[in-house]
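First the structure, in the form of structure tokens, and then the observations on it.
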Amino acid sequence: MSSKHNQLSDDNAHSARRRFLGQVGVLAAGISLAPGVTLNGIAEAREADQPASDKVRWGLLVDATRCAEGCDACVRACADENGLSGHGRPETDAQWIRKVTLRDPKTKATQSLPVMCQHCAEPPCVDVCPTGASFKRADGIVLVDKHTCIGCRYCMMACPYKARSFVHETLTDQKPHTPRGKGTVESCTFCVHRIDAGGQPACVEACSKTATGAMIFGNLNDANSTLSKALADHPSSRIRADLGTDPGVRYRGL
Amino acid sequence: MSETIYSESKPCPALFYGALAVIGAVAGIGLLSAWYMEHNGHYVTGMTNQIVWGMPHVFAVFLIVAASGALNVASISSVFGRTVYKPLARLSGLLAIALLIGGLMVLLLDLGRPDRLIIAATYYNFKSIFAWNMFLYAGFLGLAALYIWTLMDRSMKCFSSVAGMAMFIWRLSLTTGTGLIFGFLVARQAYDAALMAPLFIAMSFVFGLAVFVLVTIAATWADGRPLGDYLIRRLGNLLVIFIAANLYFVTVYHLTNLYAAEHAGVEAFILTSGSVYTWLFWLVQIGIGGLLPLALLAAFRKTMCKFKISLASVLIIIGGMAQVYVIIIGGQAYPLVLFPGMEVQSSFFDGVINPYTPSLPEIGLGLGGVAVTVLMVIIGIKVLRFLPVSLADQDIDPLYKAAATE
Amino acid sequence: MGWVKFITGLVLVVLLSGTDVGSACAQESRVPVPKPPKGKGEQCVRETSFMRANHMNLLLHQRDETVQKGIRTKKYSLRECIACHAVNGKDGQPVSYEDPKNFCRSCHEYVAVKLDCFECHASKPPSKKAAAANSENGYRASGVLPQ
């Protein structure tokens, strides 16, 4: 059973690699893909009965030099994908991903970039959670198990990235693939339901389809993944690297 | 000095049932507030995704910290062998239990999912100081009950000093754990300091003793039990030491932060920005809750009386609430620094001072916790023998008697 | 200790009168036994009697497998239950847990077992257009997205 699976996933990986070797030139040059070309296949699709494996660590590279100020394609895609319906109350409405504008007070230079859950290797939210509801999956995705979340919000106090939101009101009409409810804490899941089906996060897809293609998603543990290659090509940085949380999200040109 | 005799409290029925009704009503308001918050969701409170812990946590932390401090008198009598405090040890244990339950009730009822208490009690992540605290709280209640048992049951008397010592170690652990809830928050400029642990211990000493003094005076007044001035003077002296300890740790905490350039922002915000936290810090926490009672207690050291020590205790409690408010709310109001040295702007309130206005249900829930504490104490002393018949100096204080006969 | 007796008496009186009221009500109108409609296909993933007694255990097990390990087999997945046991309302669309006709609700109401699955999970198969439109409008109104 498991050997069969390995065979399959290896095949997938090979085909993914082959496909991407052809695209590396394009990607290295500009990462932009033609509209309609999805990056499915980056995610080495698992079979449904197989658990997530620590052979994979999902990560994301955001190219801040390409991210356009005023563009919110990723934010909108996230809201649509996960059914994050606002209630007209910005202070309590959930935001899994947000665009942050930075301005250097000395040089006046500005730049814009998205910030979401950084899917740390050493996540403070997981350390502090009293019930273990905040957890890191084997493939590095940091999630909240809402079945055991008691809504204490200690993870929100602990997160250095302000990545988490508390559901402040009764919700209805949730998306079947994104259960969320009053009194629990939530954050970016890397669109785990898409990843498990071999896809990639909605924000990444939206960025490549309708915006500047400033995001690359992939497996940090695979030296041949598009992500790993892009990371090897240019220096990148992590937000608050000094805290030692080892985020899975990296930024170029920060 | 004869053996201390204890008796149930016997206030006049009008006073007892009147107090029960009024305080019961406040407790009821607390429960209603909790129901309102849970039914609608937390958007009806002042708490947001920025200020995630609000007024309920201020009340809860104050009560939990004070619970540990309420045991001062028990510890001094059972661990440090000062017999003058022995007659008050039972009340000290009762008040500690009542304060902790009141505080935990507030904390629990503020949860997003208070219906999942069973999950909080069955799923543990032992890397979380919060999970450890649940054991510290449960153990505290158990040990305090055990300690009271050893005081009340003659056949258990031989265990009272062991129980007292265990209690003493446990309460220091509990306050350490409570302080470290904040101390372990590496990301927040205002927290992330091991100093939070001893600071919380000092806070517990002073808040807990202030509450204990008020409860003792009220309980003895309710059915006319004598309470000696010499005992009051001793308690006043203790308060002076504890206030000074609290001020010391507050000073060290801010000096440490001021020295580190990366914390300059949050220090300026709390200490000099002119925000509500600046006023609460200097005027209420340091002035009203620290220097004023310190001066009052020191100036009237020889002529300390029930009224003056009550006044000082009330000031300490007001200052204490302000101190916890500045730590919890002030610490969150200052924005997280994701990009040091940069000006930031976003739709999610990055880089802005987060506003917070406590809402009525939050305050109602907090006062409900206080009411539950008071209810437990007045019912406790009514049905069991917690209070000595006399706390007059000649009845309890060997030193006083010796001084009088000389 | 007169007041102890008084309170004990009071509690007894309340309890006794409470049971009286309860039994009187029950005789007047019994709650009808629910007859939830059958799901699609021949039979459920296990036989009906087993499912009646154990569906919650299957769901609980699957829940941990899916959330924590990412195992997404369909057999015991809640989404499949909901898709298969969808009950249509007057408009021909599947009803949510809000509606007394809902498969889960009809039984759970009868046995008076509260379930909180649908505080987070969708209780009917998705109707994509409506939800998507709602979320974006809400976010524009809240100022999170530009108008």
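Below, chain A is the first sequence line, B the second, and so on; all start at residue 1.
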* To do: Could you tell me whether B:D110 and A:R153 have a side-chain N and a carboxylate O separated by less than 4.0 Å?
  => yes
* Between the main-chain N or O of B:V344 and the side-chain N or O of A:R103, is there a donor-acceptor pair closer than 3.5 Å? -> no
* Begin from the C-alpha positions of B:L338 and A:V115 and carry the test side chain to side chain contact (heavy atoms under 4.5 Å, CB included) through to its verdict. => CA-CA 10 Å; B:L338 269 70; A:V115 176; 4.0 Å; yes
* chain A contact via B:I119 - side chain, backbone, both or neither, heavy atoms under 4.5 Å -> both
* To do: Please look at B:M134 and chain A and tell me whether the side chain, the backbone, both or neither of the residue comes under 4.5 angstrom of a heavy atom of that chain.
  => side chain
* Structure fact -> When rounded to the nearest 0.5 Å, the distance separating NE2 of B:H57 from SG of A:C152 is 8.0 Å
* Under 4.5 Å heavy-atom distance to chain A, tell me which part of B:F126 shows up: side chain, backbone, both or neither. => neither
* Structure fact -> Honestly, the part of B:L180 sitting under 4.5 Å from a heavy atom of chain A is backbone
* To the nearest 0.5 angstrom, please state how far the CD atom of A:Q95 sits from the CZ atom of B:F348. => 5.5 Å
* Asked: Of the backbone (N, CA, C, O) and the side chain (C-beta and beyond), which part of A:L171 lies under 4.5 Å from a heavy atom of chain B, both, or neither?
  -> neither
* So which of A:S112, A:C129, A:P124 has the biggest tally of heavy-atom pairs under 4.5 Å with chain B? -> A:C129
* Below 4.5 Å from any heavy atom of chain A, which atoms of B:I51 appear? Answer side chain, backbone, both or neither. => neither
* **Interface moiety of B:L111 toward chain A, non-hydrogen atoms closer than 4.5 Å** => both
* Does any heavy atom of chain B fall under 4.5 Å from the side chain of A:V126, the backbone, both, or neither of them? -> backbone
* chain A contact via B:Q332 - which portion, at a heavy-atom distance below 4.5 Å -> side chain
* Asked: B:H42 and A:F166: aromatic ring centres closer than 6.0 Å?
  -> yes
* To do: Let me know if B:P335 has heavy atoms under 4.5 Å from chain A in its side chain, its backbone, both or neither.
  => neither
* Asked: Heavy-atom distance under 4.5 Å to chain B: side chain of A:I150, backbone, both or neither?
  -> both
* Could you give the distance from CE (A:M157) to CZ (B:F130), rounded to the nearest 0.5 Å? -> 9.0 Å
* Asked: To the nearest 0.5 Å, how far apart are OG1 in A:T101 and CZ in B:F339?
  -> 10.5 Å
* Asked: With B:D350, which of A:R98, A:K99, A:K162 fulfils side chain to side chain donor-acceptor pair (under 3.5 Å)?
  -> A:R98
* Asked: Given the rule in the side chain to side chain contact (heavy atoms under 4.5 Å, CB included) test, do B:N49 and A:H168 qualify, once you have shown the distances and angles that lead to the verdict?
  -> CA-CA 9 Å; B:N49 282 328; A:H168 284 76; 3.2 Å; yes
* **Toward chain B, the part of A:K146 with a non-hydrogen atom under 4.5 Å** => backbone
* Any donor-acceptor pair under 3.5 Å linking the side chain of A:K182 with the backbone of B:H39? -> yes
* So which of A:G183, A:P160, A:P130 has the largest heavy-atom pair count under 4.5 angstrom toward chain B? -> A:P130
* To the nearest 0.5 Å, what is the distance between CE (B:M47) and OG1 (A:T92)? -> 11.5 Å
* **A:Y154 side, atom OH; B:I129 side, atom CD1 - distance, nearest 0.5 Å** => 7.0 Å
* Asked: Would B:M342 and A:D104 count as a side chain to side chain contact (heavy atoms under 4.5 Å, CB included) if you check the C-alpha gap in whole Å, the side-chain angles of each, and the deciding distance to 0.1 Å?
  -> CA-CA 5 Å; B:M342 301 293 264; A:D104 188 323; 4.0 Å; yes
